[in-house]
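Ligands are counted one by one from 1 in listed order, and the atoms in each one are counted from 1 as well. Note: hydrogens, waters and symmetry copies are ignored here, and every other heavy atom, side chains too, is used.
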Amino acid sequence: MKTAVIMSRLQAKYPLEKEYLQAVQEVLSSIEDVYNQHPEFEKAKIIERLVEPDRTYSFRVTWVDDSGEVQTNTGYRVQFNNAIGPYKGGLRFHPSVCPSILKFLGFEQIFKNALTTLPMGGGKGGSDFDPKGKSEAEIMRFCQAFMTELWRHIGPDVDVPAGDVGVGGKEIGFLNGMYKKLSHQNHCVLTGKGLTFGGSLIRPEATGFGAVYFVQEMLANHKDKISIKGKKIAVSGFGNVAWGASLKALELGAKVVAISGPDGAIHIPNGMTKEMVDYLLELRATNNDVVAPFAEKFPESEFLAGKKAWVVPCDIAMPCAYQNELAQEDAEQLIANGTWLVAEVSNMGCRPGAIEALQKAKIMFAPGKAVNAGGVACSGLEMSQGAMHISWSAKEVDERLHAIMESIHRACIKYGTEEDGYINYVKGANIAGFMKVAEAMLEQGII
Ligand code: 2IT
């Protein structure tokens with residue numbers, strides 16, 4: 001396999017899908033050497049098959065807003081690869097949603113899910129519906145209309161969607177209600193459900209908790225066996241993932257000194273308190289997508305209009321917002337400020353130039369598909385509980401989540417340790433995830 005050849009074919013075929021091409025390029029360039037040591041992969045054209053989704057559904061979603069106006073959006077589900085289990089991955093509701101974004105997310109999801117050790121394939125879906133400023137009734141009507149199309153394509157052993165940006169517990173509840181009404185089934189077809197109807201404890205916290213557990217593993221693996229206690233952490237975003245990461249960081253004695261939103265960053269010199277972490281949920285629930293009110297509520301913090309969280313000096317940076325949110329100049333700013341660990345929590349949160357700069361400076365850097373895998377791992381645990389018709393205690397789920405993050409870290413070390421001892425977590429995560437999927441595809445024949 002020659003990455004350059006495959007990439008130029010994909011560029012010619014999908015010239016406008018820049019996020020998808022970016023995600024494929026990152027994976028292919030890190031697995032190329034290993035792939036070329038396996039002629040059986042090349043013979044079965046594993047890469048050519050893997051970069052193309054199994055199928056994509058696209059559908060019209062029409063609903064009526066509160067003023068009686070008819071609104072039309074587009075809904076999608078990309079079923080990318082089911083070699084190791086049912087398609088699994090979130091639904092994103094955001095105006096930027098388009099085939100390129102969903103194909104990048106679905107492609108990443110294949111390897112992430114493989115890393116979790118659980119039997120889940122990769123998929124992603126969503127809509128260009130913008131939840132910002134919508135009433136609860138509008139969100140419900142949209143979710144219901146979306147599900148009237150999606151329901152025929154999903155199933156507990158077929159495809160199990162969950163939340164992502166713009167889709168939280170509330171939306172999953174509405175989607176699940178409509179699925180049930182249409183299918184007359186009560187099986188586990190969505191994860192991230194409420195606790196009263198088949199959800200799992202710790203699922204809302206899982207992405208952020210898992211990310212902090214992963215950071216702890218990175219620190220424990222350092223020759224100085226660093227403790228997270230007292231470390232300054234800058235987090236971007238203020239949604240579910242930023243909340244979970246801040247909560248766990250606080251519990252472990254770290255200081256979350258920054259969060260951010262589309263309108264700017266918040267600098268919290270003394271670190272977030274429990275009251276501040278709790279307030280993130282309230283702020284998010286307003287649906288306004290602005291973080292500035294945080295500084296009004298907590299005068300000990302400062303709003304930095306139009307700035308990113310990376311202007312605040314920190315030991316550890318954890319991007320928790322969107323793809324490509326951390327650019328090369330941000331990475332350079334972090335390096336100049338003395339940051340020594342970057343754990344990407346958002347999917348593809350760092351641009352290629354940023355990753356290159358961090359790795360060149362030998363900063364500890366781990367990619368989203370390893371760091372944020374705790375979310376989907378906990379979804380996998382929700383599927384297990386659903387299939388068994390039982391529910392585990394928070395302690396039980398948290399212990400399993402912790403063990404999964406440790407195992408992902410071990411896999412990264414196994415495949416990503418370089419000659420000089422530097423751990424290339426990007427390479428480690430990509431190779432570990434890829435090897436599992438490639439072997440599963442090989443053993444199941446040319447299909
Ligand atoms: O990016 C992700 O891994 C998610 N949005 C969670 C997916 C899931 O199925 O829980």
Side-chain angles (χ1 to χ4, degrees), residues 19 23 76-82 84-94 97 101-127 150 154-169 171-172 175-176 188-194 198-211 214 237 239-245 319-323 325 343-349 367-386 397 400-401 404-405 408 429 433:
E19 293 84 3
Y76 305 90
R77 186 71 184 165
V78 179
Q79 296 183 336
F80 223 116
N81 184 290
N82 68 353
I84 65 173
Y87 304 105
K88 181 85 196 86
L91 296 170
R92 176 175 291 194
F93 292 169
H94 191 270
V97 164
I101 301 256
L102 295 179
K103 278 172 70 183
F104 118 63
L105 289 164
F107 186 69
E108 292 269 298
Q109 200 80 41
I110 304 170
F111 308 100
K112 183 198 306 192
N113 293 3
L115 286 170
T116 66
T117 72
L118 302 174
M120 299 182 290
K124 204 84 189 189
S127 173
L150 184 68
I154 59 177
D157 293 310
V158 178
D159 183 356
V160 184
D164 192 80
V165 173
V167 178
E171 291 76 13
I172 292 292
L175 291 163
N176 200 63
C188 177
V189 75
L190 288 158
T191 59
K193 298 186 294 295
S200 174
L201 285 160
I202 307 291
R203 178 64 190 89
E205 293 87 347
T207 311
F209 278 22
F214 194 90
N240 173 263
V241 178
W243 165 76
C320 293
Y322 293 106
Q323 66 272 358
E325 57 172 305
E344 182 187 62
V345 197
S346 39
N347 291 308
M348 209 167 75
K369 64 171 79 65
V371 180
N372 75 27
V376 73
C378 195
S379 279
L381 301 176
E382 182 172 336
M383 287 166 73
S384 307
Q385 294 168 79
V397 179
R400 285 175 196 268
L401 170 65
I404 288 171
M405 298 315 296
I408 297 174

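- Residue Val160 has no nitrogen or oxygen atom sitting less than 3.5 Å from a nitrogen or oxygen atom of ligand 1, judged on distance alone.
- The closest approach between any non-hydrogen atom of Gln109 and ligand 1 is below 4.0 Å.
- Heavy atoms of Gly163 come nearer than 4.0 angstrom to ligand 1 in at least one pair.
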Inset, instruction - Go through Cys188 and Gln385 one step at a time and tell me if the side-chain contact (heavy atoms from CB on, under 4.5 Å) criterion holds. - result: CA-CA 9 Å; Cys188 177; Gln385 294 168 79; over 6 Å; no
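- Of all protein heavy atoms, the one closest to atom 3 (O) of ligand 1 is Lys112 NZ, 2.7 Å.
- With hydrogens left out, the protein atom closest to atom 5 (N) of ligand 1 is Asp164 OD1, 2.9 Å, a heavy atom.
- A side chain to side chain donor-acceptor pair (under 3.5 Å) with Asp164 is found for one member of His94, Lys124, Gln109 and no other, namely Lys124.
- In this structure, atom 10 (O) of ligand 1 lies nearest to the protein heavy atom Ser379 OG, 2.5 Å.
- Residue-level proximity to ligand 1 for Arg203 is carried by the side chain, the only part with a heavy atom below 4.0 angstrom.
- Protein heavy atom nearest atom 9 (O) of ligand 1, with residue, atom name and distance: Lys88 NZ, 2.7 Å.
- Nearest heavy-atom pair across Ser346 and Glu325 is OG-OE2, 2.6 Å.
- Residues Phe80 and Lys103 approach most closely at CE1-O, 3.3 Å, considering heavy atoms.
- Between Ile154 and Val160 there is no side-chain heavy-atom pair separated by less than 4.5 Å.
- In Lys124, the part holding a heavy atom less than 4.0 Å from any atom of ligand 1 is the side chain.
- Annotation: atom 7 (C) of ligand 1 to nearest protein heavy atom, Gly90 N, 3.5 Å.
- The protein heavy atom nearest to atom 8 (C) of ligand 1 is Ala162 CB, 3.4 Å.
- Two residues are said to be in side-chain contact when any heavy atoms from C-beta on lie closer than 4.5 Å; Leu190 and Pro161 meet this criterion.
- For ligand 1, the atoms sitting less than 4.0 Å from at least one non-hydrogen atom of Asn347 are 1 (O), numbered in the order shown with element in parentheses.
- Under the 4.5 Å side-chain criterion, counting only non-hydrogen atoms from C-beta, Phe104 is in contact with Met348.
- In this model, no donor atom of one side chain and acceptor atom of the other lie less than 3.5 Å apart for Glu108 and Asn347.
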